[in-house]
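So the structure is just underneath, and the comments pick up after that.
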There are 2 protein chains.
Amino acid sequence: MSNISKTTDWREGRRRSARDAIIDAAWSLVAEEGLAGLSLRDLARRAGITTPTVYSYFDSKNAIYDAMFAQAATKFAKRMAEPFGDLDPLEVLVTGVRRFASFCTSDPARYQLLFQQTLPGFEPSPESYAPAVEALAHARGWLARNGITKARHVDLWTALVTGLVDQQISNDAGGSRWTRLIEESMAMFVAHCQPSRVSPNRSSRQTPRKGSLL
Amino acid sequence: MSNISKTTDWREGRRRSARDAIIDAAWSLVAEEGLAGLSLRDLARRAGITTPTVYSYFDSKNAIYDAMFAQAATKFAKRMAEPFGDLDPLEVLVTGVRRFASFCTSDPARYQLLFQQTLPGFEPSPESYAPAVEALAHARGWLARNGITKARHVDLWTALVTGLVDQQISNDAGGSRWTRLIEESMAMFVAHCQPSRVSPNRSSRQTPRKGSLL
DNA sequence: GTCTATAGCTGGATAGAC
DNA sequence: GTCTATCCAGCTATAGAC
């Protein structure tokens, strides 16, 4: 099918892993200096190359941030898409939120890049952004399994979940003061959205699904 | 009581208003350029002075941030301390959270400075920080009026409230997509904390108050 | 592709005249 | 207190040899 020679593939592969090595160095740097503290000098030094060499792989500093965003969004999507096995709807929701929280708290700089728009002058390209929306569609699926499809309730859920994660990262880094509230808060939330629910099956959907996933 | 001459008072007043003018210029700048985009050159230009003159009022750039923090924290404390008139406990809570959200969303840069620890290399001095904790004590009072005093519930409440505000600022600036959920979310929260409550009075406190306010 | 060298700019902060 | 002039450090990005 392809007429690309083995040599070209090989070079492409090398180029790719060199790019990845730079991105890896970038992540380790922002973990220490903060997301905004990324300088191309330090980055080059840590990657074992010089500043101009960085420019042979990335057009600009923002292109580096964009590659970091794309990598993070892809990992995020994969993590959210992992199957749950045989769990009932509420357990799916709780486990999913735990996953989300674990993903976020394990690397605050990554969380800041992905979910807080706080980097001056940077916004991700549509290609980099795409996996992130895909991942959020999964979250909607978790809610839908609990019969929760109203936009108002989805918004309330995003506020609750991001609030827990945000407080955890900002005020108890490394601990579990807020993440341990996940189960209780999800029970509260589901009980609020399904006031008359008796059994945890899908019998009493509040709104008909249109074209939503799951 | 004081032996300070009128002249000295006058000069002190002038010095003070000059400081205030610089801080005002700083707020208008960060509203446009973002909190991290504050440069002393631009600040001086906007304040109608030159860079060295800024240094005759503030020792460093961080001292300017600290003065901004102090001013914001003081305004915050005053806003939170305003009386509520004759409201029942739940109305007090809802009104208080609305106040908090209104304060936060009306100036995102101020919110970022006060509540998100995102400025590289800056942390407020204890003096500047003091009014902020005072204000949070008021919030505890709103909760206590609803019989909510458990640390776990207070944490859940802070996550919920900051999550709503955060989503509002990040994803619907200028709108009300999340702030309009305040009443519903507070009802959900209070119902969860007071599962057996029948009437909205203070009859069924869950935990005895120790030395808490109100 | 990788280097040395450096351009070009902006930042915070200071010296010293007035 | 306010200015002009300037220092020095850091940054992104590029030119050009190899």
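Quick note on labels: first sequence line is chain A, next is B, and so on, each numbered from 1. Only this structure's heavy atoms are used, side chains among them; waters, hydrogens and symmetry mates stay out. Since this is a predicted model, take the numbers as computed values, not measurements.
Straight-line distance from the NZ atom of Lys61(A) to the P atom of dG10(D): 15 Å, rounded to whole Å. In this entry the distance linking OH of Tyr65(B) with P of dG11(C) reads 12 Å, nearest Å. The CD1 atom of Ile64(A) sits 13 Å away from the C1' atom of dC11(D) (whole-angstrom rounding). Here dC7(D) presents its P atom at 17 Å from OH of Tyr55(B), a figure rounded to the nearest Å. In this structure, CG of Asn62(A) is placed 14 Å from C1' of dC11(D), rounded to the nearest angstrom.
Comparing dA13(D), dG1(C), dT2(D) by their nearest atom to the side chain of Ser56(B) picks out dT2(D).
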Exercise answer: donor-acceptor pairs, residues 73-80 of chain A side-chain atoms, under 3.5 Å, sequence neighbours excluded:
| from | atom 1 | to | atom 2 | distance (Å) |
| --- | --- | --- | --- | --- |
| Thr74(A) | OG1 | Ala70(A) | O | 2.8 |
| Arg79(A) | NH1 | Glu82(A) | OE1 | 3.1 |

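Counting only N and O atoms by type, the side chains of Gln116(A) and Asp166(A) include a donor and acceptor under 3.5 Å apart.
Residue pairs that meet the ring-ring contact (aromatic ring centres under 6.0 Å, His included) test with at least one member in residues 21-65 of chain A, sequence neighbours left out, are Tyr65(A)-Phe122(A).
Remark: Glu183(A) pairs with Arg98(A) by the salt bridge (Lys or Arg N to Asp or Glu O under 4.0 Å) rule, at least two apart or across chains. In this structure, Asp66(B) has no salt bridge (Lys or Arg N to Asp or Glu O under 4.0 Å) partners at least two apart in sequence or on a different chain. Listed by chain and number, the residues in a salt bridge (Lys or Arg N to Asp or Glu O under 4.0 Å) with Arg19(B) amount to none (sequence neighbours excluded).
Within residues 25-53 of chain A, the residues approaching DNA chain C are Ile49(A), Thr50(A), Pro52(A), Thr53(A), by heavy-atom distance under 4.0 Å.
Within the 4.0 Å cut-off from OP1 or OP2 of dT2(D), at least one side-chain nitrogen or oxygen of Tyr57(B) is found.
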